[in-house]
Undergrad: 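I'd like to ask some things about the structure below.
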Amino acid sequence: MEKKITAGITAIGSYAPEKLLSNFDLEKMMDTNDEWIRSRTGIETRHMAADGEFASTIAIRSVEDLVKRFGKKAIEGVDLVILATSSPDALFPATASLVQSHFDLEAGAFDLLIACPGWIYGLSVAQAYVESGLLKKILVIGTEALTKLMDYSDRNISILFGDGAGAAVVEAVEAGYGFKSFILGSDGNGAKHLGIRAAADQFPDGTPIPDGPFMNGREVFKFAVRIMPNATLDVLKKADMSLDDIDLFVPHQANSRIVTAAADKLGIDHEKMILVVNEYGNTSTASIPLALADAYDAGKVKKGDNLVFVSFGAGLSWAAMVLTWSTD
Ligand code: ACO
């Protein structure tokens, strides 16, 4: 019988722009204050793309970081670049192509747009290619320059977001390690609750799309605290695992209240949960790989550890994944 290929992550890297935008900086730009932002969201500061830094250049820096950690060989032979983003350089060409050409990869490249869960969606696509034997090595990136799209006169949304990127190489790993299960979810009935307008001025049901970024914070909050625990339980069930099997819970870093509520509902020990939203804000598709790279640096990710990634966002959408870490 032909041996089954198991895909997993063999290298990671991340990058956050040097420039910081703190709550105190925001106080000078709009009617808000540090205490309100910290108590409602847990965010203290966020990284902000400088002039000339965009989703493409931030993504390139995250891949450079991956190469610095794991060597040039890590990206040799990459045959596809999947780049998830909510703030592409342009609607087209794909930002993925700009990363592909920078590293001179003989690879296909495409952008993936499903808001914050995009990096997990990208991992699932990469898993399918690798485990089917159609492709061997795939670079999956989540990258954001969301601060470029924010309206800093609107305190409801702009205080939440930050910039950054994370990159992972997905390829075959030793049997018993790698991806165990994933779930992908979407409910377009919630489209009106969160987004940034592009070509249309209304949704198919006739609901007008406001100019620029729009968000119904309360609706998104309610959705998030329901979906994060449910998606976690669903993905564990699919992997035939229980919460006790999990070594590290890596949730989308949207808001510390959402993440903590989800962990508490599940009864997850906070020691087993990564929370870095205070430093990065919500970096959409980059949030999980940025948090993962920080956890890796802190020695919290070891070979054989079971990790859960879970995310939610505009769409409304969600995704979760269970992975057994396969590298030292
Ligand atoms: N500074 C000061 N006051 C503010 C600010 C601000 N930045 N923003 C809102 N307020 C005021 C409001 O005007 C309101 O005042 P009012 O009572 O006089 O009307 C008051 O604060 C309370 O506002 P609420 O909206 O009730 O505050 P809430 O506790 O719900 O917190 C928040 C708002 C932080 C946005 C919360 O709802 C939330 O985190 N929602 C989820 C958002 C999210 O995660 N979005 C990203 C999803 S991921 C993706 O796909 C991009």
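Counting starts at 1 for both ligands and their atoms, in listed order. Residue numbers run from 1 in the order of the sequence given. All figures in this text were calculated on a predicted structure; none of them were measured in a lab. All values below were derived from every heavy atom in this structure, side-chain atoms included, with hydrogens, water molecules and symmetry-related copies excluded.
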Undergrad: Polar-atom distance check: His252 versus ligand 1, any N or O pair below 3.5 Å?
TA: no
Undergrad: Around atom 29 (O) of ligand 1, find the nearest protein heavy atom and jot down its residue, atom name and distance.
TA: Arg40 NE, 3.0 Å
Undergrad: Can you pull out the closest protein heavy atom to atom 9 (C) of ligand 1? Residue, atom name and distance to 0.1 Å, please.
TA: Asn156 OD1, 3.3 Å
Undergrad: Quick check on atom 32 (C) of ligand 1 - does any protein heavy atom sit closer than 4.0 Å to it?
TA: no
Undergrad: Check each of Glu35, Glu219, Met215 against atom 42 (C) of ligand 1 and report the one with the nearest heavy atom.
TA: Met215
Undergrad: May I ask you to check if ligand 1 and Thr41 share an N or O to N or O distance below 3.5 Å?
TA: no
Undergrad: Relative to atom 12 (C) of ligand 1, which among Glu27, Glu144, Arg155 owns the nearest non-hydrogen atom?
TA: Arg155
Undergrad: Is atom 17 (O) of ligand 1 near the protein, in the sense that some protein heavy atom lies at less than 4.0 Å from it?
TA: no
Undergrad: Which of the listed options, Ala254, Gly217, Ser287, holds the heavy atom that is closest to atom 40 (N) of ligand 1?
TA: Gly217
Undergrad: Write out the residue and atom name of the closest protein heavy atom to atom 10 (N) of ligand 1, then the distance separating them to 0.1 Å.
TA: Trp36 CZ2, 3.4 Å
Undergrad: Any protein heavy atom lying closer than 4.0 Å to atom 1 (N) of ligand 1?
TA: yes
Undergrad: Measure from atom 48 (S) of ligand 1 to every heavy atom in Cys116, Ala314, Ser86 and give the option owning the shortest one.
TA: Cys116
Undergrad: Do any heavy atoms of Leu194 fall under 4.0 Å from ligand 1?
TA: yes
Undergrad: Can you find a side-chain donor-acceptor pair between Glu27 and Thr32 that sits under 3.5 Å?
TA: no
Undergrad: Using heavy atoms and a threshold below 4.0 Å, how should the contact between Met30 and ligand 1 be classified: side chain, backbone, both, or neither?
TA: neither
Undergrad: Test the Lys238-Phe182 pair against the cation-pi criterion, namely NZ or CZ under 6.0 angstrom from the six-membered ring centroid and within 45° of the ring axis.
TA: yes
Undergrad: Side chain, backbone, both or neither: which part of Thr32 has a heavy atom under 4.0 Å from ligand 1?
TA: both
Undergrad: With only distance considered, is Asn33 within less than 3.5 Å of ligand 1 through an N or O on each side?
TA: no
Undergrad: Using a 4.0 Å heavy-atom cut-off, say whether Ser284 meets ligand 1 through its side chain, its backbone, both or neither.
TA: neither
Undergrad: Strictly inside 4.0 angstrom of atom 14 (C) of ligand 1, do you find any protein heavy atom?
TA: no
